[in-house]
Amino acid sequence: MSRDSGLSALHAHSVDAAWAAYDRVQAGPEGLNAFLAIDRDARTAAPDGPLAGVPVAIKDNLATLRLPTTCGSRMLEGYVSPFEATAVRRLREAGAVVIGKTNMDEFAMGSSNENSAYGPVRNPLDPTRVPGGSSGGSAAAVAAGVVRVALGSETGGSVRQPAAFCGIVGIKPTYGRVSRYGLVAYASSLDNVGVFGSTVAEAALGLEIIAGHDRFDATSADVPVSSLVPTRESISGASPLAGLVVGVPREYFPDSLDADIAARCRRALDHLRSLGAEVREVSLPSTDLAIPVYYIIAPAEASSNLARYDGVRFGQRAAAEDLGPMYERTRSRGFGAEVKRRILLGTYVLSAGYYDAYYKRAQAVRAVIAQEFRAVFASGVDLLFTPTAPTPAFRLGEVSDPYAMYLSDIYTVTANLAGIPAMSQPIGRVRGMPVGGQFLAPAFAEARMIQAAAALEHSLGSGAQQ
Ligand code: GLN
């Protein structure tokens, strides 16, 4: 079978089918609220491209020329970018049709999509539950069948966690693998553009198209992009993963882990063994420091990046007689509660007197976390396998304590801190809701990670939804 045969459903999904699904799921009180803007007139620009005529959806923090880019914030209501994000341009040049912009937590801060200024997104599998965040609109659009490929962004898990909650595939590439040009900055040293797909092959094709060096992003890596879509031969057959060593970090499987999630992970590991992989327990001792480190570094960078929304350079200006009151009113009215909380936290940890105690120490611990991953991979481990999130999708309004919400990212922030690629795929259901399994790989080893994920997907078959 050629590589394209795993993509036939993608190529059969027309723009008309996307609109039919959109009209079914978006509106009404039970509507998903997954989109913030749509473009009914969008057409393919490249009828011969690898994505010719394929509808795609784009998270609303990636700059588009034809539609506004609001980042789910009142601050940027109606803002239309004068330039286009590189990832979006590459999709369009491959023939994709950008049908709309998807709802998100304001400025990508959140894990449930309840922080959007334009209302929460609902999980297509159970509308009383959240889709995860912050790229929840893109995940819901894929899970509801509106599109089969969508772009999201990742700072600490915002593609993988909603992919897990919605029962789809989400990939966070190596830092620098995909250009951040046109991605509205949250925490620049952690931010990545990521891809959602209905299947591993579809997400891989999306990544293959958007990856690669870009002179408009100084942190873009000049590393060649290999073919990422797995061939059927590479994932089926007797022992497609023979020789592969999969590490299982014990810190990601604490005794407190939900027993049903642990059971789904064990079943996935059994499948990996039956595919020929060797499964080996490993240790990443500093894992429990990842959340505190992330919630110092991310707000610190955010407090600096979000300074540009002052009503002069960017942002809806609030009327006032003087400059000081104008700044105050613009920022008080334009930002929601979670964004303000992060700016306060970030400003605090960067302030004179606290910088060494918080920010500098967090940077040192971040380096240790990255080093622990390098050491594990240098010890002969090819990939790591873990749960994506500690719980399945929770109910809207169920998690109100910000710190409890931050713990949703306990298994995902590590890859952003270390800059390594990671992905989530469905490995079963618990109490009716999907569970995600996560692979993590050494920097630039996306192809290896995707091949293992595709082999696991093939082996689990319909079991991935049970
Ligand atoms: N939930 C995390 C946060 O709120 C991660 C968000 C993201 O990856 N954009 O910061």
Side-chain angles (χ1 to χ4, degrees), residues 58-62 71-73 87 102-116 120-121 130-139 150-166 170-173 175 178 180 183-196 290-306 335-346 349 362 366 388-391 393-394 399-424 436 438:
I58 307 291
K59 187 178 184 179
D60 206 30
N61 60 351
L62 283 155
C71 294
S73 181
T102 57
N103 202 347
M104 56 182 282
D105 282 308
E106 185 174 5
F107 286 104
M109 297 174 185
S111 308
S112 68
N113 234 284
E114 294 166 295
N115 293 339
S116 168
V121 178
V130 303
S134 63
S135 315
S138 285
L151 293 188
S153 73
E154 269 256 2
T155 304
S158 280
V159 168
R160 287 164 288 157
Q161 187 254 21
F165 279 16
C166 291
I171 308 179
K172 171 228 171 294
Y175 185 78
V178 175
R180 287 183 294 117
L183 170 66
V184 177
Y186 162 11
S188 311
S189 77
L190 300 160
D191 293 345
N192 298 253
V193 177
V195 190
F196 293 100
I291 287 281
V293 164
Y294 175 83
Y295 279 98
I296 292 171
I297 294 175
E301 294 186 19
S303 71
S304 168
N305 275 325
L306 271 58
F335 290 137
E338 185 61 27
V339 174
K340 288 177 186 161
R341 184 177 299 121
R342 306 276 179 113
I343 292 172
L344 284 171
L345 194 61
V349 299
R366 177 183 187 174
T388 306
T391 64
F394 39 88
V399 181
S400 53
D401 170 37
Y403 189 68
M405 187 70 85
Y406 296 172
L407 293 176
S408 301
D409 304 315
I410 194 156
Y411 301 139
T412 49
V413 295
T414 47
N416 300 75
L417 290 168
I420 59 175
M423 66 187 288
S424 180
Q438 173 174 239

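Model, not experiment: these values are computed from the prediction. Just follow the structure's listing: the first ligand is 1, and inside any ligand the first atom is 1. Start at 1 with the first residue, then count along the sequence.
Considering only heavy atoms from C-beta on, V130 stays 4.5 Å or farther from N113 through its side chain.
Ligand 1 has an N or O atom lying under 3.5 Å from an N or O atom of G156, backbone or side chain. Backbone and side-chain nitrogen or oxygen atoms of S153 are examined, and none is located within less than 3.5 angstrom of a nitrogen or oxygen of ligand 1. At least one N or O atom of A108, backbone or side chain, sits closer than 3.5 Å to an N or O atom of ligand 1.
The side chain of Y186, and not its backbone, has at least one atom closer than 4.0 Å to an atom of ligand 1 (non-hydrogen atoms only; side chain from C-beta on). At a 4.0 Å heavy-atom cut-off, ligand 1 touches S134 through the side chain alone. Under 4.0 Å from ligand 1, heavy atoms of T155 appear from its side chain as well as its backbone. By the criterion of a heavy-atom distance under 4.0 Å, the side chain of R342, and not its backbone, is placed next to ligand 1.
Closest to atom 2 (C) of ligand 1 among all protein heavy atoms lies D409 OD2, 3.1 Å. Among all non-hydrogen protein atoms, the one lying nearest atom 3 (C) of ligand 1 is Y295 OH, 3.3 Å. At the top of the distance list for atom 5 (C) of ligand 1, counting protein heavy atoms only, stands Y294 OH, 3.3 Å.
Under the side-chain contact (heavy atoms from CB on, under 4.5 Å) criterion, A108 pairs with K59, N61, M104, S134, S153, Y186, sequence neighbours left out.
In this structure, of G152, S158, S111, the residue bringing a heavy atom nearest to atom 6 (C) of ligand 1 is S158.
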